[in-house]
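Read the numbers this way: they start at 1 and go in the same order the structure lists the ligands and their atoms.
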Amino acid sequence: MRIRTGSAAFCGVVAAVYISNQVRILSLSFKELQAELQSGKLSAVDVLNVYQIKALEVDKRTNCITELVQDSEERAKQLDSDRKKGPLYGIPVSIKETYTMPGYPCTGGMMFYFDEKVTEENVLVQVLKKQGAIPFVRTNVPQTLMTFECSNSLYGTTKNPYDPTRIPGGSSGGESALIGGGGSILGMGGDIGGSLRIPAHMAGCCSLKPSGGRLSRKGQNMFNKGETLVQPQTGPMAAEVDGLVNCMRCLLVPEMFNLDPAVPPIPFREEVIWNHLLLRMFLDIYRENKLTIGFYIDDGNIKAAPACQRAVLEVKAILESQGHTLVPFKPVDVYRMAALFLKSVFADGGKSYLNVLDKDIVDNSLRRIMFAFSLPNWFRKLFSYVAKMITKDQFTSILLQSGCGVESVTEYWDLAINIENYRADFLKKWRNHKLDAVICPGFAFTAVPSGRVTDVSGGVTYTNLYNLLDYTAGTLKVTNVTQADLDNFQHYPSNTWLEKNIKKFSEGSKGLPVGVQFVGLSYQEELVLRLMKDVETCLHKNKLKEEL
Ligand SMILES: CCCCCC/C=C\CCCCCCCC(=O)NCCO
């Protein structure tokens with residue numbers, strides 16, 4: 001058939017070729033995309049344009065983007081004309097709104113900060129760019145960043161890509177909605193209480209919360225900046241573990257150590273992660289590289305929802321099939337941990353948050369908690385007993401009490417000592433079990449309906465724990481909620497307010513993503529990624545078998 005330029009048939013063919021190319025690019029795995037860019041089969045501009053369109057489509061459904069990065073097209077063109085290509089050449093990267101980038105507001109969901117001038121570029125953004133990546137969109141966060149409801153009065157509410165009536169998690173919830181919806185392959189977030197892991201679990205992607213400030217924290221907006229007992233960590237989020245691995249590999253380089261000398265100059269340890277099968281077999285044989293891994297489905301505060309329990313048990317079976325030994329493990333008293341965590345992050349009694357919220361329109365999701373935080377301490381303490389009697393939940397009562405903060409330097413120093421003691425007790429238990437790693441639920445429950453986070457905030461013990469300990473923790477999407485999981489709620493306890501709410505909000509949750517956390521000691525990022533990668537590979541193989 002002869003096709004004349006300008007004819008409807010010609011336009012149809014061009015559109016079909018364009019769409020099929022777009023679909024093809026979006027279906028490429030991280031490694032395939034990287035390989036096609038490096039070989040020149042794809043240009044940075046091609047990839048950027050495809051992801052820009054997809055990101056806008058996901059944004060339309062979820063409201064996950066706060067701004068488009070204006071110079072991304074120019075950067076892509078420039079990179080395409082450069083002869084030397086960095087390892088992340090042409091990879092589009094989405095960036096959490098709290099990362100400073102000159103020319104873009106960095107508000108943490110607070111209108112008050114909208115006009116504040118940002119002059120310095122976040123260190124990780126600088127390094128990513130140096131490695132060839134293209135920051136292309138900035139993504140939404142919750143007001144205050146201290147909740148997992150991704151909503152604020154400035155940019156609005158971000159929705160879950162799997163179910164628009166539900167939350168995508170937070171605080172890196174714009175990232176999870178975008179990546180989980182397929183609009184980005186790699187993104188950057190932050191985590192002081194679960195903000196990289198909760199959203200990955202709830203919106204179906206993966207993330208890594210590094211430990212010990214392994215990645216630079218320079219150029220992040222936070223509202224309790226002087227708080228140092230529990231440190232916020234920055235980290236990657238991605239569609240696949242290879243995205244996390246490559247991102248860590250490309251960030252742990254002299255450029256980052258030079259830009260931020262506070263970062264321990266530990267390069268990426270290839271030997272721990274290396275996926276070359278022969279080498280792995282060699283290492284396995286000669287180093288007896290089989291691990292002892294602890295697991296739990298109930299952290300001592302709240303039993304995980306049936307789907308979250310099943311996800312852990314499925315990962316346990318995979319790891320056992322790979323020769324590892326899985327042993328039951330229970331964290332050291334998580335109520336003790338929660339009190340220390342909350343007392344640290346709200347050491348000022350929540351004043352730093354109240355001060356900024358005073359100048360803002362308080363998001364609906366925060367009204368109740370902010371009201372509680374504005375009460376005098378004596379009343380909060382009294383109220384905590386009443387709340388415990390009514391809800392039968394320990395966490396709510398601990399939040400009210402510990403949220404009062406500390407009243408003297410002596411009390412602050414005691415808090416620091418108590419954290420050290422908790423860390424020592426936890427490590428002792430870890431060592432007694434001869435553990436190399438732990439797997440546990442990505443969170444206590446899957447994504448809840450928007451506006452209901454305050455009713456289930458007790459779930460955060462699943463993630464807070466590894467912030468207080470400063471351990472490495474990554475989350476991997478493992479499965480989706482099934483009807484059988486929902487039926488299994490008949491065996492789920494219903495004694496406390498939290499348990500009842502978890503049960504109630506799980507109605508209609510079929511199909512939602514479910515993640516599992518992989519935990520290692522401090523500075524074990526490579527080990528955690530290796531385990532996540534091995535499990536992900538097995539899950540892919542199983543899925544392929546099912547499809548055959
Ligand atoms: C300041 C108001 C909110 C109080 C809500 C209290 C409920 C639970 C406390 C901890 C919740 C932690 C959520 C995750 C926060 C996080 O990791 N933020 C990281 C910012 O980069």
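In terms of N/O distances under 3.5 Å, ligand 1 is not approached by Phe148. For the pair Phe373 and ligand 1, the shortest N or O to N or O distance does not fall below 3.5 Å.
Here the heavy atom of the protein found nearest to atom 10 (C) of ligand 1 is Phe341 CE2, 4.1 Å. The protein heavy-atom contact nearest to atom 6 (C) of ligand 1 is Leu399 CD1, 3.9 Å. The protein non-hydrogen atom at the shortest distance from atom 16 (C) of ligand 1 is Ser195 OG, 2.4 Å.
Residue Pro232 does not touch ligand 1, judged by heavy-atom distances below 4.0 Å. At a heavy-atom distance under 4.0 Å, only side-chain atoms of Met370, from C-beta outward, approach ligand 1. At a heavy-atom distance under 4.0 Å, atoms from both the backbone and the side chain of Ile192 approach ligand 1. Contacts between Lys96 and ligand 1 below 4.0 angstrom, taking non-hydrogen atoms only, involve the side chain exclusively.
Tyr113 and Phe223 have their aromatic ring centers within a separation under 6.0 angstrom.
Remark: distances from the non-hydrogen atoms of Gly350 to ligand 1 are all 4.0 Å or more. Proximity of Leu342 to ligand 1 is established by a heavy-atom distance of less than 4.0 Å.
Counting heavy atoms from C-beta on, the side chains of Met237 and Ser176 come closer than 4.5 Å.
For the side chain to side chain contact (heavy atoms under 4.5 Å, CB included) criterion with Phe518, the lone passing option out of Val241, Thr472, Val315, Thr475 is Val315.
Closest heavy-atom contact between Gly108 and Glu97: N-OE1, 2.9 Å. The two residues Val312 and Cys440 come nearest to each other via the heavy atoms CG2-C, 3.4 Å. Of all non-hydrogen atoms in Cys106 and Thr100, the two that sit nearest each other are SG-CG2, 3.9 Å. Here the closest heavy-atom approach between residue Ala55 and residue Ile65 is recorded as O-CD1, 3.6 Å.
Below 30°, between 30° and 60°, or above 60°: for Phe329 and Trp430 the angle between ring planes is above 60°, a perpendicular geometry. Taking the six-membered ring where the residue is Trp, Phe445 and Phe148 present tilted rings, their angle falling between 30° and 60°.
Cation-pi geometry between Lys303 and Tyr492 is not met at under 6.0 angstrom from the ring centre and within 45 degrees of the axis.
Remark: ligand 1 atoms within the under-4.0 Å shell around heavy atoms of Tyr353 are 1 (C). Residue Gly194 has at least one heavy-atom neighbour below 4.0 Å for each of these atoms of ligand 1: 17 (O). Listed by number with element, the atoms of ligand 1 under 4.0 Å from a non-hydrogen atom of Ile369 are 4 (C).
Remark: among candidates Arg368, Arg217, Gln233, Met146, the nearest residue to atom 3 (C) of ligand 1 is Met146, based on non-hydrogen atoms.
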